[in-house]
Amino acid sequence: MALVEIRNLTKVYGSGETEVRALDGVSIDIEAGEFVAVMGPSGSGKSTFMNILGCLDVPSAGSYRLAQVEVSRLSRDALALLRRYKIGFIFQSFNLLPRTTALENCELPLLYQGVPRLERRRRAMEALEWVGLRDRAHHMPNQLSGGQQQRVAIARALVTRPSIILADEPTGNLDTKRSQEIMRLLVELNRKEGMTIVMVTHEPDIAAYARRIVSFLDGRIQSDVPNPSPSFPGTREDLSSSNN
């Protein structure tokens, strides 16, 4: 059974002459443990696809099942619960709370889940250690580099132990070196931890790290091909030198 099952997904904005079909009958399965890159020009439908995948928007028609739950029929409150427990998000702009430490940023999703304080602190510290930032746990975001902020965002996405991570242009605000650091973490997260990752990117060299590349055009899937030789950016342990 696929983790993500999408059938004839359609999203329409407006009506009549102003109607825009952002998605036009999209069907796709994503298995648990896959690393999928989603590409396409502006207006191709990839952002709408990711918003629906992340339960941030609902389709106009079609079926979307996540972990065997029919998402398209859920209420707003039920969608919020599914996001909270099943999905981890990584954004281009990091989306860290500016007046909150790295550790507290990582704890926040667990606070929403009602996890006790000591358990929140332990799991958040473990997640920061995994991304190589245990020694930055009490730093504010403005005391961290862009790459370090995105690593905190990855730790925050991991801390709830989600079924799937959605990464929206995760290297879009980073230089080449920092981009490689982030991709090193995502690749290891997928290959060693078995995490399912769906990543939007405009950059072919970033998409090359994924095991499957799906391209959108005019609201439809233009191509869906395996990547037989994904790029490999080293290991997580290499990040230790990046904190100095």
Side-chain angles (χ1 to χ4, degrees), residues 35 50 54 56 80 83-193 195-201 203 205-206 209 232-244:
F35 187 172
M50 286 290 278
L56 299 171
R83 286 196 302 271
R84 188 177 301 170
Y85 287 95
K86 294 293 185 181
I87 304 171
F89 294 93
I90 303 170
F91 301 98
Q92 176 178 346
S93 55
F94 319 138
N95 285 12
L96 301 180
L97 298 180
R99 298 181 181 179
T100 303
T101 66
L103 183 61
E104 290 165 339
N105 267 284
C106 287
E107 285 186 70
L108 193 59
L110 298 175
L111 178 65
Y112 292 148
Q113 288 187 355
V115 175
R117 180 178 177 275
L118 290 179
E119 177 68 5
R120 291 200 311 265
R121 184 62 49 101
R122 183 188 67 79
R123 286 170 58 178
M125 191 63 81
E126 282 182 355
L128 285 173
E129 184 170 12
W130 194 89
V131 300
L133 288 177
R134 185 182 182 90
D135 61 340
R136 300 293 196 272
H138 300 291
H139 285 57
M140 298 293 187
N142 64 4
Q143 297 173 310
L144 302 172
S145 69
Q148 289 170 339
Q149 289 185 60
Q150 193 61 298
R151 284 153 63 186
V152 172
I154 291 173
R156 180 184 58 191
L158 288 177
V159 77
T160 59
R161 301 164 185 163
S163 298
I164 188 170
I165 285 182
L166 304 181
D168 187 2
E169 298 281 1
T171 63
N173 286 340
L174 304 176
D175 60 24
T176 300
K177 181 179 179 181
R178 307 307 171 199
S179 294
Q180 290 174 345
E181 291 177 1
I182 296 309
M183 295 314 301
R184 185 176 299 141
L185 285 171
L186 293 182
V187 166
E188 185 160 347
L189 189 59
N190 172 252
R191 296 188 184 183
K192 292 191 175 181
E193 305 296 328
M195 178 61 67
T196 307
I197 301 173
V198 180
M199 173 184 69
V200 163
T201 181
E203 305 170 74
D205 58 329
I206 295 299
Y209 290 104
F232 188 73
T235 63
R236 177 167 45 93
E237 284 71 19
D238 298 333
L239 291 172
S240 59
S241 61
S242 300
N243 295 339
N244 299 324

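Computed from a predicted structure; not experimentally measured.
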Electrostatic pair R178:E181 at N-O distance under 4.0 angstrom: yes

Counterpart residues, side-chain hydrogen bond (donor to acceptor under 3.5 Å, both in side chains), relative to T100 (two or more places apart): none

Qualifying salt bridge (charged side-chain N to carboxylate O under 4.0 Å, His left out) pairs with a residue from residues 103-119, counting only residues at least two apart or across chains: E107-R120, E107-R121, E119-R122

Heavy-atom donor-acceptor pair, S145 side chain to Q148 backbone, under 3.5 Å: yes

Short side-chain to backbone donor-acceptor contact, Q150 and T171, under 3.5 Å: no

Beyond-backbone contact of R123 with C106, side-chain heavy atoms, under 4.5 angstrom: no

Partner set under side-chain hydrogen bond (donor to acceptor under 3.5 Å, both in side chains) for T201, not counting sequence neighbours: none

Pairs flagged by salt bridge (charged side-chain N to carboxylate O under 4.0 Å, His left out) wherever residues 165-176 is involved - sequence neighbours left out: none

Atom pair CD1 (I182) and CE (M199), whose distance is rounded to the nearest 0.5 Å: 12.0 Å

Validation row: M50, F89 side chains within 4.5 angstrom (heavy atoms): no

Distance (rounded to the nearest 0.5 Å) between L166 CG and I87 CD1: 5.5 Å

Closest non-hydrogen atom pair, S93 against N173: CA-ND2, 3.7 Å

Rounded distance (nearest 0.5 Å) linking atom CG of L158 with atom CG of L185: 8.5 Å

Would you be so kind as to tabulate the donor-acceptor pairs closer than 3.5 Å made by side chains of residues 137-144, with sequence neighbours excluded?
unit_1	atom_1	unit_2	atom_2	d
Q143	OE1	M140	N	2.7

Any side-chain heavy-atom pair of V152 and F94 under 4.5 Å: no

L186 and Y209, any side-chain heavy atoms less than 4.5 Å apart: no

Validation row: M125, R134 side chains within 4.5 angstrom (heavy atoms): yes

Stepwise side-chain contact (heavy atoms from CB on, under 4.5 Å) check, F35 with L189: CA-CA 10 Å; F35 187 172; L189 189 59; over 6 Å; no

Gap between atom CD1 of I165 and atom CD1 of I154 - 0.5 Å precision: 8.0 Å

Inter-residue atom distance I197.CD1 - R191.CZ, 0.5 Å rounding: 10.5 Å

Nearest-0.5 Å distance, OG1 of residue T160 to CG of residue L108: 11.5 Å

Selection residues 154-165 - residue pairs positive for salt bridge (charged side-chain N to carboxylate O under 4.0 Å, His left out), sequence neighbours left out: none

Closest non-hydrogen atom pair, G146 against L174: C-CD2, 3.5 Å

